[in-house]
Structures are given as C-alpha cells and as structure tokens.
Amino acid sequence: MLFSSAAEGLVVVDGNGVICLLNPRMTELFGYSGNDLLGKPIEALVPSAKRGHHTHLREGYIRTPHKRPMGMGLDLMGERKDGSTFPVEVSLNHFVIGKDRYVMGLVTDVTQRREAELQLQRTNDELEDRVEQRTAELKEAEKSVREALEAEKELNALKSRFVSMASHEFRTPLSTIMSSVDLIARYSEGPQHEKIERHVAKIRSKVRELTAMLNDFLSLDKLEQGMVRCNPCEVDVVHLCIELVEELRSLTKPGQEVDYDHFGDERTLFQDQQMLNHVLSNLIQNAIKYTPEGKRIHLSTTLTNGMLEIRIVDEGIGIPLEDQQHLFERFFRASNAFTVQGTGLGLNIVRKYLDLMGGTIGFTSEPGKGSTFTATLPQHHHHEDHPAH
Ligand code: ADP
C-alpha cells in the first residue's frame, strides 16, 4: 500500500538496469500508462543525451552499491514518454534477493522547487543589483557633500581673508579723511562757519563709527583665528576708568551724564590693559547708545578679594526678554535696537576678551527701564590658567 500510494515515484531495477517494479506515481510522472515501463531499461527515463553516461554510472553503482542520493550537485533531468524533460531528484538504495542484486530509486519531481529556487536567485540578483546601485548613489552623494564642504571651507577662508584685508585697508583712507576734516574745521571762518562745523562734526562721528566697525571685524577675526593672547601688565583701574569716561563723554547725548565710583582699598591690577580698556569702553558706549537723552549712566569698579567687578548701570531702553538669551551671539541685535547704529559684534568680542582674561560677564535688564552689565575678572592674570587660546 505504501508503495502504491507514495507521493514519490518508486522504481526497482535489476542488475542489468531493467525496470522490474514501479508504482503508479512513477508511471504518471513520466507520462506512461499501465505497465508500459515494465521490462524497459531504466535509461528510457533519462534524456537521450545522457543515456550512455547513465549506463556507465549505473554499472559502476551496481558493483559497489550504497545508499546515496544520485548525481549530487547536478541538475538531474527525467524524460517523459513524449520526449519532454523535467527536473528530478533521485535517491538510490539497493537490496539483494537470493543472488540477485536490485536497485531501488526514489524519484521526486522538483519542477516547482527548481522554479522557486530560480525565482529566489533572481530576486537575490535583483537585490544585489539594487544594493550596488544604491551604494553607488550613496558614494556619489557623499562625494558631492564633500565637494560642497570643500567649497564652503574655501569660501569661508576667502571671506575671512577679505574681511581682514578690507578692514585693514579701509582704515588708512579713513584716517586720512579724519585728518583732512580736522584741517577743514580749522580753516573754516566767515559766515558759513557754523554750518561747516556742523557737517564736520557729522563726518567725524561717522568716520569714527566706521573705524569702530572695522576694528570690531578685525578683532573678531583675530580672536577667532586664536591670534589674540593675554598680555598682562600693571594697570591702575581708577586711572583707566577716569580717562575713558573723559574720552567717551564726547559721545554722550544732550543731558546724559556718566559718573564713576571705585570701591576697595586697592586699584592696581595685573591684566591686559588693551583688553580691559576695550571691555570698559564697549560697555560704556553701549550704555550711551541705548540710553535716551537726559538719563544717567553709572560706572563702578570694585576691587576685593583678588577680583575686579565692573558694573555699568543705565536707564536706557533695556533688552526684550525673548532677546536676552542671544545677546552675546555674533551679529545679534535686539529687536528694539534697530534705530541705533551697530553690528552686533561688540558684546561677542567683549565676552571673548573676558574669557581670555579669565573673567565672565552677565547682565540684568528690564525692557524700557534700563540694563545693568556686570563683568568680573581676576585681579592678577595667571598665564597657566589660560594656556594659549
Ligand atoms: P551693537 O551695539 O553693535 O548692536 P553689541 O554686541 O554691543 O552690538 O550688542 C548687541 C545687542 O545687545 C545690541 O544690538 C542691543 O540690542 C543690545 N544691547 C547691548 N547693550 C545694551 C544696553 N546697554 N541697553 C540695551 N540694549 C543693549
């Protein structure tokens, strides 16, 4: 029953390769009917091109028989009665009855499996192709990103070179303009005298603004290239502040007052004088710029416990709350500052200088009422605290 109902084809051949027993499935697989195959050589089921070879192999097998699959690793084919072929898998076994040797073959039609394998292979190939294609695309993308980055770097280098070149080269003509303007002021007499004076003053102030801007660009460029070093020396902070307040008084608006107090027994620092001067001057100038006419600006310095605290209090326009967190960013200007000339670089530079001096800066501000900027720095700059920036 097993033999006749098996889903695989079963065939038994004798020592000469003649079919002596087979199940219905075997007959059906090869397109025969009834007992057509009985007594035929097994080679009838092998495609004609392979028949000779098969006979040879079969004779070898019958001499040293053992249980094994047939044609391992080969694509075996069977041939139907009508001459068409199909892929098969065959496993061989043998037995002996009396003196006669028999070989039993188990034949499976693997058309579907082969097709599935082919399909799988095709899918795999396709996938590989696609991976290859995507990898190529990725490489291409990476290349263009890298190129863009290179271009960007080059552009950046070019920009900063241009900025420093321009800032540098513009300062010379500006200083010539300034001295000529001074001369014009000196030579102007007669009825138009006042008008000329007014315009001369305007030119002076604009040239000063331009110079200040260029100086900011230059300072920032140098700072960002790490070319600025702290160069400490003995500084009399009170002397410095008095001179500075005196100098900046020329920038005040009508009715504006700048006053100065110092607290503490000492007044001598060991710090970079230029940086300190820049920080103070910038903070005072901001206070003047962002404070209306008639209001007071108060500067104070306190030297205690090895620390200098600089405090500038104004009664100006203040800083909108939502802008406060960005105040020290490069080019940032608060939304209420646009009627006032500026670049948004000053505070950024101030903070960088303070950083180099080992100090910090902060502020509090009430929009519409005024601001207080507070900078703190050590009285004695220690080189080892801030190795080469
Ligand atoms: P600039 O004055 O050239 O715009 P700064 O970096 O010095 O640049 O200042 C950045 C911004 O901070 C200013 O544009 C202004 O909005 C705000 N700010 C600075 N100081 C004051 C101040 N004393 N009062 C009000 N706003 C200020």
Next item on the list: Kindly indicate, with the supporting measurements, whether the criterion side-chain contact (heavy atoms from CB on, under 4.5 Å) is fulfilled by Arg25 and Glu8.
Entry: CA-CA 6 Å; Arg25 176 65 181 146; Glu8 281 89 22; 5.7 Å; no
Next item on the list: Let me see the working for Arg208 and Leu251 under side-chain contact (heavy atoms from CB on, under 4.5 Å), right down to the final yes or no.
Entry: CA-CA 10 Å; Arg208 214 178 281 131; Leu251 302 177; 3.8 Å; yes
Note to self: Working note: Asn215 + Arg171, criterion side-chain contact (heavy atoms from CB on, under 4.5 Å); need CA distance, chi angles, decisive distance, verdict.
What the structure shows: CA-CA 9 Å; Asn215 284 341; Arg171 287 199 303 184; 2.6 Å; yes
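The side-chain heavy atoms of Met275 and Val228, taken from C-beta on, include a pair separated by under 4.5 Å. Counting heavy atoms from C-beta outward, Thr135 and Val131 have side chains that approach closer than 4.5 Å. Met104 is listed as a side-chain neighbour of Leu10, based on a closest heavy-atom distance under 4.5 Å. Leu345 places a side-chain heavy atom less than 4.5 Å from the side chain of Phe331. At least one side-chain heavy atom of Leu299 sits under 4.5 Å from a side-chain heavy atom of Ile310.
Contact between Phe217 and Ser167 at its shortest, heavy atoms only, is CB-OG, 3.6 Å.
Atom NZ of Lys202 has 12 or fewer heavy atoms from other residues, nucleotides or ligands within 6.0 Å. The environment of CD in Glu117 is crowded: more than 12 heavy-atom neighbours from other residues, nucleotides or ligands sit within 6.0 Å. Within 6.0 Å of the CD atom in Glu329, the count of heavy atoms belonging to other residues, nucleotides or ligands exceeds 12. Other residues, nucleotides and ligands contribute more than 12 heavy atoms inside 6.0 Å of the NZ atom of Lys289. In the displayed structure, Glu234 atom CD is contacted under 6.0 Å by at most 12 heavy atoms of other residues, nucleotides or ligands. By the 6.0 Å contact criterion, CD on Glu137 is enclosed, its count of non-hydrogen atoms from other residues, nucleotides or ligands being greater than 12. Other residues, nucleotides and ligands contribute over 12 non-hydrogen atoms within 6.0 Å of the CZ atom of Phe338.
When each of Asn282, Asn286, Ile288 is tested with Ile284 by the rule side-chain contact (heavy atoms from CB on, under 4.5 Å), just one qualifies, namely Ile288.
Ring pair His326/Phe332 is tilted by interplanar angle, where 30° to 60° counts as tilted. Taking the six-membered ring for Trp and thresholds of 30 and 60 degrees, His53 and His56 have nearly parallel ring planes, at less than 30 degrees apart. Between His278 and Tyr353, the ring-plane angle classifies as perpendicular under the 30° and 60° cut-offs. Ring pair Phe328/Phe373 is perpendicular by interplanar angle, where above 60° counts as perpendicular and below 30° as parallel.
Val12 is not connected to Leu37 by any chain of hydrophobic side-chain contacts under 4.5 Å among Ile, Leu, Val, Met, Phe, Trp and Tyr, and they are in different clusters.
For the pair Asp221 (side chain) and Glu224 (backbone), a donor-acceptor distance under 3.5 Å is absent. A side-chain donor-acceptor contact under 3.5 Å links Asn336 to the backbone of Gly318.
Evaluation of the salt bridge (Lys or Arg N to Asp or Glu O under 4.0 Å) rule for Glu150 yields Lys153 as partners, not counting sequence neighbours. With sequence neighbours excluded, the residues forming a side-chain contact (heavy atoms from CB on, under 4.5 Å) with Glu59 are Thr55, Arg63, listed by chain and number.
Between the CG atom of Leu220 and the NZ atom of Lys352 there is a distance of 5.0 Å, given to the nearest 0.5 Å.
A salt bridge does not link Glu79 with Lys50: every distance from a Lys NZ or Arg NE/NH1/NH2 to an Asp or Glu carboxylate oxygen is 4.0 Å or more. Electrostatic pairing of Arg198 and Glu194 does not count as a salt bridge here, judged by no charged N lying under 4.0 Å from a carboxylate O. Between Arg204 and Asp182 there is a salt bridge, since a side-chain N of the basic residue sits under 4.0 Å from a carboxylate O of the acidic one.
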